[in-house]
Amino acid sequence: MVRNSKKLIKDLAKKGVLKIIDQELDVNLEIPHLAYIEIKKKEPKVLLFTNPVDKKLGLKYEVPVLMNIFSSYELTEFYLGRPVKEIEEEIESLLKLKPPASFGDKIDLFKKLFSLKSVFPKRENTPISKTHKKYILDLNKLPILKTWEFDGGKFITMGQVFTQSLNGNISNVGMYRLQVFDEKTLGMHWQIHKDSTVFYNEFMEAGKDMPVAIAIGGDPVNTWIATAPLPHGINEMLLYGFVKKENAKLVKTNNGLFVPADADIVIEGFVKPNSLRVEGPFGDHTGYYTLEEEYPTMEVTNIWISNLPIYYATVVGKPPLEDKYMGWATERIFLPLLKTTAPDLIDYVMPENGVFHNLIIAKMKTKYKGHALQFMHAFWGVGQMSFVKHAIFVDEKAPELTDYQNLIPYILNHFSSKDFVISKGVLDALDHSSPESLVGGKLGIDATGETVKLDKIEEIPENELFEKIVKIAENIQNGNEKQFKIKRVKTFFNDTQNPITVCLVEKNGISLKNYLSQFDELKKHVRILVFLDFGLNFIEDTYMLVWRVVNNIDAQRDLFISGDFYVLDATNKIPNVDEVTRDWPKDVECNNQVLGTLVKKGFDITTKYSY
């Protein structure tokens, strides 16, 4: 069943997961900060803000704002209409279709094929002017949010962006952030690897304006499919029909594109050739601001709204957030497709604190020596998997991949330095850690073998270890005018073959790279030594330490290995001091003044996760 925004609100209220906030709150920081904090709570609510305002522009909006739509695994499956496991199994079954050998097999085949009747979207002849009413041609009249203090402006964050190829044969819908430059201009954050960029290049070479339509709201499944990593050339709206078992109903915009009939808001227009403009910065799902860069701009020609529209928005930043649940659905549903490339794959996870593309852990059936190495290179060469920076492989004896309490010790007991692969490859456009954009170091770990038996390290009390590390740091910097300072040390997983020692350091403008090898004398006490910035990291918060490490390292630059002793520099790098020339972005953080205002207004801003 199609779930438009009106039915969605009723369903959420009935399930007891909707929280209505009637108090006036500002679209600039206040609304997004409150949603950001809410999604980090143990049982987060979907938030409906009925009185959004823009104090800076002196505006009160008639259109309410809905946030945290994907706030749990249960709600995500509720929107999909069935368990993700069922969808996964159906895809796997279709991929294994064989010619029928009996009459019964023919009936089963017919049932499977008949179930696909709803896959193809229905393009209604009805023009959008019959299903929606024309709205004021002014983006400022919509309650678009400024999420973070240092964002370049307001951004649409849950827009379904519809585009097509120059010849009209290929359609695409994706989710990209869209910066509001003025009342009729949007920045299109089309990263270089995205289908929309391919289409834009076609139109640019032909010297023609490119039609674009942005749908906001409607059935939440439309929002989810806009994030789906389908291969180039496959229309994402097919996925809607497959998942929901009903055809997506589309209406035609004035610029010739088709958008979901149940959309609350539709923004249409054209991207002209060479219409580039500096976009950003933007606090992104990496938990860092992405830097300013030129992207195409869209000239808005029409804005359409449904009856009593609702504006959908999301917040991205430090995990966990909504993308945890959206990414989980994608991860599960696309497992069978990944298995076609890697048939011995059993399962995989992309932890949200690994920022998805920064860390993957996969379980496989190992059949021969080097099998895991083959998998690494297969993953790094497949579609969006090619952007993965760090890949860890375990065998079928490993614990469940989501049982991190047991999985991490298992991994730490199953590798030595000979099981490391350091490579170079393509990176996500949002990655900030590599010396150059789009390309950088990758790390693969083969933990599929037997439990390793490494030389036993000599454990010493933490305070003694701290003193040793301080002494080494002082000795190797003897005579230097500026010196980095060791501030805190803590060791985790002492009972494994590869304990991890985290060391918080004040860099004081110093690059650690040339000093990493000089901590070699620690190898009889330490197996893995990780440097992180003091003041930016809580040493007890292992969830966020993982987030920081996989975000910040380039394996080719930041990892020193001596036998089975490893030193890792996961600090923020200093341009032109460390081996980076690009600016190093800031952390995404809530504005303390805004938090104070929310507290004064009676809102609870406590959560177990840092923000």
- Task: Report the C-alpha distance between Phe155 and Phe282 in whole Å, list the side-chain angles of each, state the deciding distance to 0.1 Å, and finish with yes or no for ring pair (Phe, Tyr, Trp, His ring centres under 6.0 Å).
- Result: CA-CA 8 Å; Phe155 286 82; Phe282 177 72; 4.5 Å; yes

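- Donor-acceptor pairing under 3.5 Å is recorded for the side chains of Tyr410 and Asp395.
- Within 6.0 Å of atom NZ in Lys252, 12 or fewer heavy atoms from other residues, nucleotides or ligands are found, so the atom counts as exposed in its surroundings.
- With ring centers used as reference points, Trp148 lies under 6.0 Å from Tyr36.
- Each of Glu268, Met188, Gln164 was scored for a side-chain contact (heavy atoms from CB on, under 4.5 Å) with Val212, with one residue passing: Met188.
- Taking the six-membered ring for Trp and the full ring otherwise, the centers of Phe387 and His357 sit at least 6.0 Å from each other.
- Residues Val46 and Ile9 are not in side-chain contact: their nearest non-hydrogen atoms beyond the backbone lie 4.5 Å or more apart.
- Neither side chain, Asp284 nor Thr286, offers a donor N or O lying under 3.5 Å from an acceptor on the other.
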- Determine, stepwise, if the pair Tyr61 / Tyr311 fulfils ring pair (Phe, Tyr, Trp, His ring centres under 6.0 Å). CA-CA 11 Å; Tyr61 298 102; Tyr311 179 81; 9.0 Å; no

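- With Asp541 contributing its side chain and Met544 its backbone, the two residues share a donor-acceptor pair below 3.5 Å.
- Taking 4.0 Å as the cut-off between side-chain N and carboxylate O, Lys339 and Asp344 do not count as a salt-bridged pair.
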- Query: Does the side chain to side chain contact (heavy atoms under 4.5 Å, CB included) test come out yes or no for Ile214 and Val266, once each step is laid out?
  - Reply: CA-CA 5 Å; Ile214 301 153; Val266 177; over 6 Å; no

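- Proximity of Ile144 to Val27: side-chain heavy atoms (C-beta onward) are nowhere separated by under 4.5 Å.
- For the residue pair Asp428 and His193, no side-chain donor N or O sits within less than 3.5 Å of a side-chain acceptor on the partner.
- Two residues are said to be in side-chain contact when any heavy atoms from C-beta on lie closer than 4.5 Å; Phe49 and Ile20 fail this criterion.
- Checked for salt-bridge contact, Lys6 and Asp262 miss the test: no charged N lies under 4.0 Å from a carboxylate O.
- For the side-chain contact (heavy atoms from CB on, under 4.5 Å) test with Thr290, the passing option among His285, Glu279, Gln191, Arg177 is Arg177; the others fail.
- With hydrogens and angles ignored, the 3.5 Å screen pairs no side-chain donor or acceptor of Glu92 with any backbone N or O of Pro336.
- Looking at Asp219 and Lys7, no side-chain N of the basic residue comes within less than 4.0 Å of a carboxylate O on the acidic one, giving no salt bridge.
- Here the closest non-hydrogen pair linking Leu536 and Arg548 is O-NH2, 3.1 Å.
- Using modelled atom types, one side-chain atom of Asn68 and one backbone atom of Ala35 make a donor-acceptor pair closer than 3.5 Å.
- Between Arg82 and Glu90, at least one side-chain N (NZ, or NE/NH1/NH2) sits under 4.0 Å from a carboxylate O, which counts as a salt bridge.
- In this structure, Asp54 pairs ionically with Lys154, as a charged nitrogen and a carboxylate oxygen lie closer than 4.0 Å.
- Side-chain N or O atoms of Lys363 include one that pairs as donor or acceptor with a backbone N or O of Pro399 at under 3.5 Å.
- Closest heavy-atom contact between Ile21 and Leu34: CD1-CD2, 3.7 Å.
- Under 3.5 Å, the side chains of Glu24 and Asn51 contain no donor-acceptor pair of N or O atoms.
- Counting only distance, with no hydrogens or angles, the side chain of Lys40 and the backbone of Pro319 share a donor-acceptor pair below 3.5 Å.
- Across Met326 and Phe70, no two heavy atoms sit closer than the pair CG-CG, 3.5 Å.
- At a cut-off of 3.5 Å, with distance as the only test, no side-chain donor of Thr76 or Trp224 sits close to an acceptor on the other residue.
- When the options Leu178, Val161, Ile267 are evaluated for a side-chain contact (heavy atoms from CB on, under 4.5 Å) with Met298, the one that passes is Ile267.
- In this structure, CG on Leu186 lies 9.0 Å from CD on Gln179, to the nearest 0.5 angstrom.
- Relative orientation of the His232 and Phe199 rings is tilted, given thresholds of 30° and 60° on the angle between their planes.
- Across all their heavy atoms, Asp264 and Ile310 have their closest contact at OD2-N, 2.8 Å.
- Of the possible donor and acceptor atoms, none in the side chain of Asn222 sits under 3.5 Å from a partner among the backbone N and O of Pro260.
- Within the 3.5 Å criterion, the main-chain N or O of Val594 finds no donor-acceptor partner in the side chain of Glu30.
- Looking at heavy atoms from C-beta onward, Phe242 lies in side-chain contact with Ile87 at the 4.5 angstrom threshold.
- Between Leu18 and Ala13, the shortest heavy-atom distance links the atoms CB-N, 3.9 Å.
- Using a 4.0 Å cut-off between charged nitrogen and carboxylate oxygen, Lys389 and Asp431 count as a salt-bridge pair.
- Checked against the 6.0 Å centroid threshold, Phe258 and Phe162 do not count as a close aromatic pair.
- Taking a cutoff of 4.0 Å between a charged side-chain nitrogen and a carboxylate oxygen, Lys318 and Glu352 do not qualify as a salt bridge.
- Between the side chain of Glu322 and the main chain of Ile69, a donor-acceptor pair closer than 3.5 Å is present.
- In this structure, the ring-ring contact (aromatic ring centres under 6.0 Å, His included) partners of Phe375, at least two apart in sequence or on a different chain, are His371.
- Enclosure of atom CG in Leu438 by more than 12 non-hydrogen atoms of other residues, nucleotides or ligands within 6.0 angstrom is indicated.
- For the pair Lys45 (side chain) and Gly16 (backbone), a donor-acceptor distance under 3.5 Å is present.
- The neighbour count for Lys365 NZ, taken as heavy atoms of other residues, nucleotides or ligands under 6.0 Å away, does not exceed 12.
- Inspection of the Ser433 and Asn552 side chains reveals no N or O donor paired with an N or O acceptor under 3.5 Å.
- For Ala213 against Thr253, the heavy-atom pair with the smallest separation is CB-CG2, 4.2 Å.
- Ring centroid separation for the pair Tyr543 and Phe538 does not come in under the 6.0 Å cut-off.
- Separation of atoms CG (Leu47) and CD (Glu38) is listed at 5.0 Å; rounding is to 0.5 Å.
- Leu25 has its side chain out of reach of Val53: every pair of non-hydrogen atoms, C-beta onward, lies at least 4.5 Å apart.
- By the 6.0 Å and 45° rule, Lys194 does not stack over the aromatic ring of Tyr176.
- When ring centroids are compared, Trp328 and Phe356 stay outside the 6.0 Å threshold.
- Centroid-to-centroid, the aromatic rings of Tyr325 and Tyr73 come within less than 6.0 Å.
- The shortest side-chain heavy-atom distance between Val221 and Leu80 falls under the 4.5 Å cut-off.
- Under the 4.5 Å side-chain criterion, counting only non-hydrogen atoms from C-beta, Val355 is in contact with Trp547.
- Judged by distance alone, with hydrogens and angles left aside, the side-chain atoms of Asn247 form a donor-acceptor pair with the main-chain N or O of Phe120 at under 3.5 Å.
- By the ring-ring contact (aromatic ring centres under 6.0 Å, His included) test, Tyr295 pairs with His189, sequence neighbours left out.
- Figure legend: Lys141 and Tyr135 shown without cation-pi pairing, the cationic atom not lying both under 6.0 angstrom from the six-membered ring centre and within 45 degrees of its axis.
- Using a 4.5 Å heavy-atom threshold, the side chains of Ile91 and Phe334 count as separate.
- A side-chain donor from one of Glu236 and Asn172 sits under 3.5 Å from a side-chain acceptor of the other.
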